[in-house]
Number of protein chains: 2
Amino acid sequence: MARKVTSQDVAREAGVSRSAVSMVLNGRAEGAISAVNQKAVREAAERLGYRPNRIAQSLRDQTSHTIGVISDSIVTGAFGGPMLAGASVRAAESDYVLLVMGSDGRTDRNAEFIDALLARQVDGLIYAAEGMTAWAPPRIFRREPHILLNAFDPSGGSTGVVCDEVEGGYRATCLLLDAGHRDIVALTGTPDVEATGRRSAGHQRALAEAGIRGRELVCGWEIDRGLDLGTRVLEAEDRPTGVVCANDRVAAGVLLAAARLGLRVPEDVSVVGYDDDPNVAPQLGLSTVGIPHREMGVRAVDLLLGSLGEASLPGGEVVVPTPVMRRGSVAPPSR
Amino acid sequence: MARKVTSQDVAREAGVSRSAVSMVLNGRAEGAISAVNQKAVREAAERLGYRPNRIAQSLRDQTSHTIGVISDSIVTGAFGGPMLAGASVRAAESDYVLLVMGSDGRTDRNAEFIDALLARQVDGLIYAAEGMTAWAPPRIFRREPHILLNAFDPSGGSTGVVCDEVEGGYRATCLLLDAGHRDIVALTGTPDVEATGRRSAGHQRALAEAGIRGRELVCGWEIDRGLDLGTRVLEAEDRPTGVVCANDRVAAGVLLAAARLGLRVPEDVSVVGYDDDPNVAPQLGLSTVGIPHREMGVRAVDLLLGSLGEASLPGGEVVVPTPVMRRGSVAPPSR
DNA sequence: CTGTTAGCGCATTCAG
DNA sequence: CTGAATGCGCTAACAG
């Protein structure tokens with residue numbers, strides 16, 4: 001921290017007192033400071049490039065205008081970014097700033113991180129996860145205003161902003177159903193991930209409403225798994241007319257499998273992804289269900305900031321809707 | 001900021017003065033405070049859960065132990081994350097914390113962000129970019145200790161941490177050359193991106209050393225472009241035996257194209273990617289050149305922190321080497 | 001209308 | 001060995 005200009009400097013330059021400077025610059029001058037002096041203060045501040053020291057303000061006001069973000073994974077994949085961006089921009093709008101600590105996998109360091117954040121007097125805490133996770137906030141975390149982002153408290157005590165995975169699973173399947181498909185295979189993610197079960201529930205509901213039974217195969221999350229299982233499913237006797245995938249990367253794998261087998265998409269088989277992965281879905285023309293990461297980040301900061309004022313958070317899950325993206329990978333079945 | 005326990009509270013609890021507390025907790029107690037009192041202080045601090053208020057410390061020490069990170073894009077893609085993670089972890093090691101502001105594309109807000117950061121008395125500034133970019137730091141930025149991450153100052157005045165793109169392009173091509181390929185096509189990125197030219201230079205050098213001429217086709221960065229150009233290149237009369245791609249997504253597109261054309265990889269054609277994209281390359285078994293994002297983040301913080309002490313930054317580019325990843329997508333040519 | 005004072009929490013003098 | 005005093009930069013209350 002180099003030598004900075006203080007309100008004292010401005011006061012001297014303008015020939016007034018420090019409190020006069022403070023009042024003028026904080027809009028508390030009306031009916032208190034003469035117009036000439038107000039002008040003098042403003043000009044002096046401008047000339048000197050005065051910027052109030054927020055550290056000093058924080059100490060005095062007992063509020064740091066700072067939110068601590070902690071995560072063991074946000075900083076790893078493609079989705080943490082937009083979430084952070086949403087949070088950062090929303091925070092900036094309210095003149096807040098994000099203090100970010102990411103351990104990139106070492107969850108054992110979380111306690112240490114929370115400590116560092118609290119020592120810096122953050123006004124609130126966000127725990128953010130890359131993929132939807134159950135996370136039980138430790139007591140030290142719960143004692144501060146806090147919210148979970150893309151995570152939920154299994155005990156339901158803390159509030160978590162998540163997207164509507166059940167509805168998402170439902171909508172993904174409807175993409176196929178609405179086009180007339182009756183023979184559908186779902187390539188699901190791994191059961192260790194919470195979202196897998198929820199999407200599956202939505203999927204089953206959609207199937208039930210249509211009065212048909214589908215097949216679910218545990219696949220995983222990566223493109224090579226999509227290639228493997230996609231190949232197996234598409235070269236079988238009972239080849240389905242539509243495939244819903246765990247995510248867009250898996251769907252890309254299925255596209256690859258179809259290509260190798262000489263099958264056209266969507267003429268011979270329709271494919272639906274999940275995530276609306278910005279690196280995959282638009283380029284491949286994948287119909288998919290999006291996860292509004294950015295919006296979730298905005299929402300979390302919104303709620304957290306709100307809870308700083310009065311309304312305390314209700315607990316449980318705040319559900320953000322999942323948008324359906326219709327692109328070219330779905331068509332009516334040919335048989 | 002809820003009611004917090006202060007050093008005053010600890011002093012009262014331990015029955016000593018505030019200065020005694022300060023000395024004990026800062027290791028300045030030897031030969032100054034009696035052992036009994038030292039113990040009393042430590043226990044009282046523990047019991048009360050005392051955590052020194054870093055805002056107050058900052059005000060006093062004139063150093064916030066905080067680094068401002070600003071970016072218009074880091075928060076968007078898959079690579080900003082690891083960079084941030086490296087930076088965050090390295091900073092934490094030195095008891096620093098990252099204040100992150102990402103505009104997610106709105107570069108016009110940078111000035112506003114820098115202001116917010118400076119008002120918070122950050123000790124240093126990092127400008128981070130998702131993909132290597134030229135960025136001329138504004139004066140207000142240059143006045144503080146600063147460094148660019150995955151970016152460089154066209155004027156060379158400021159220091160930027162970048163990876164060795166020329167060498168990367170060289171190595172990518174060598175992957176093919178070393179396997180015996182003599183008929184190579186390069187699918188390059190768009191010329192607006194600095195990395196494109198650098199990789200191309202390395203590519204040409206490798207070709208020249210091998211005494212052969214290759215073909216370069218401007219392709220772009222997305223999987224659909226790889227599919228398009230891959231198809232065109234692979235179905236042509238003069239089909240090459242090896243293809244080097246702008247990145248792993250393009251390579252995935254080429255793989256798709258090969259599959260559709262009934263060509264096997266690597267038997268019929270070898271493919272090399274770039275980036276070592278964690279979502280693509282390992283799963284597809286892509287031989288590729290990695291970009292050490294995490295390491296770059298570490299390096300930037302390292303240098304910045306170092307420059308806070310004494311040694312000022314040299315200016316120009318600090319180049320981090322690019323690792324070669326050999327996987328299964330390259331084999332000797334069949335003809 | 002303006003200037004002075006006090007105190008946010010801390011670490012460092014300097015007297016005792 | 002310890003306690004009181006000082007100042008970091010700011011704003012609100014209060015006295016002039």
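Letters A, B, ... mirror the listed sequences (proteins, then strands); counts begin at 1. Since the model is a prediction, treat every value here as computed from it, not as a measurement.
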Exercise. Does A:Q121 make a side-chain N or O approach to OP1 or OP2 of C:dC8 shorter than 4.0 Å?
Worked result: no

Seminar exercise, completed: Those residues at least two apart in sequence (or on a different chain) that pass side chain to side chain contact (heavy atoms under 4.5 Å, CB included) with B:E13 are B:A44, B:R47, B:L48

Problem set entry | Residues which pass side chain to side chain contact (heavy atoms under 4.5 Å, CB included) with B:A111, listed by chain and number, not counting sequence neighbours | none

Exercise. Given atom CD1 of B:I55 and atom C1' of C:dG7, what is their separation to the nearest angstrom?
Worked result: 16 Å

Seminar exercise, completed: Axis-to-axis angle for the helix from C:dC1-D:dG16 to C:dG16-D:dC1, ends of five pairs each, to 10°, equals 70°

Exercise. Nearest-Å distance, CG (A:L59) to C1' (C:dC8)?
Worked result: 4 Å

Exercise. Charged N to carboxylate O below 4.0 Å: is that the case for B:D95 and B:R54?
Worked result: yes

Problem set entry | Set of side chain to side chain contact (heavy atoms under 4.5 Å, CB included) partners for A:D302, sequence neighbours left out | A:R90

Seminar exercise, completed: Nearest heavy-atom approach of B:P292 to B:V320 is CG-CG1, 3.5 Å

Problem set entry | Protein-to-nucleotide contact annotation, 5' to 3' order, nucleotides 10-16 of chain C [B base; S sugar-phosphate only; - none; under 4.0 Å, heavy atom] | BBB----

Pairs of donor and acceptor atoms involving the side chains of residues 148-158 of chain B, under 3.5 Å and at least two apart or interchain, shall be tabulated with distances.
from	atom 1	to	atom 2	distance (Å)
B:N150	ND2	B:A129	O	3.2
B:N150	ND2	B:E130	O	2.9
B:D153	OD1	B:S155	N	2.9
B:D153	OD1	B:S155	OG	3.1
B:D153	OD2	B:S155	OG	3.0
B:D153	OD2	B:G157	N	3.3
B:D153	OD2	B:S158	N	3.0
B:S155	OG	B:G157	N	3.2
B:S158	OG	B:H146	NE2	2.7

For this session: Calculate the interatomic distance between A:Q62 atom CD and D:dG9 atom P; express it in whole Å.
Result: 18 Å

For this session: To the nearest 0.5 Å, tell me how far B:R42 CZ sits from B:N37 CG.
Result: 11.5 Å

Exercise. In terms of side-chain geometry, is the basic nitrogen of A:K39 or A:E43 positioned less than 4.0 Å from the acidic oxygen of its partner?
Worked result: yes

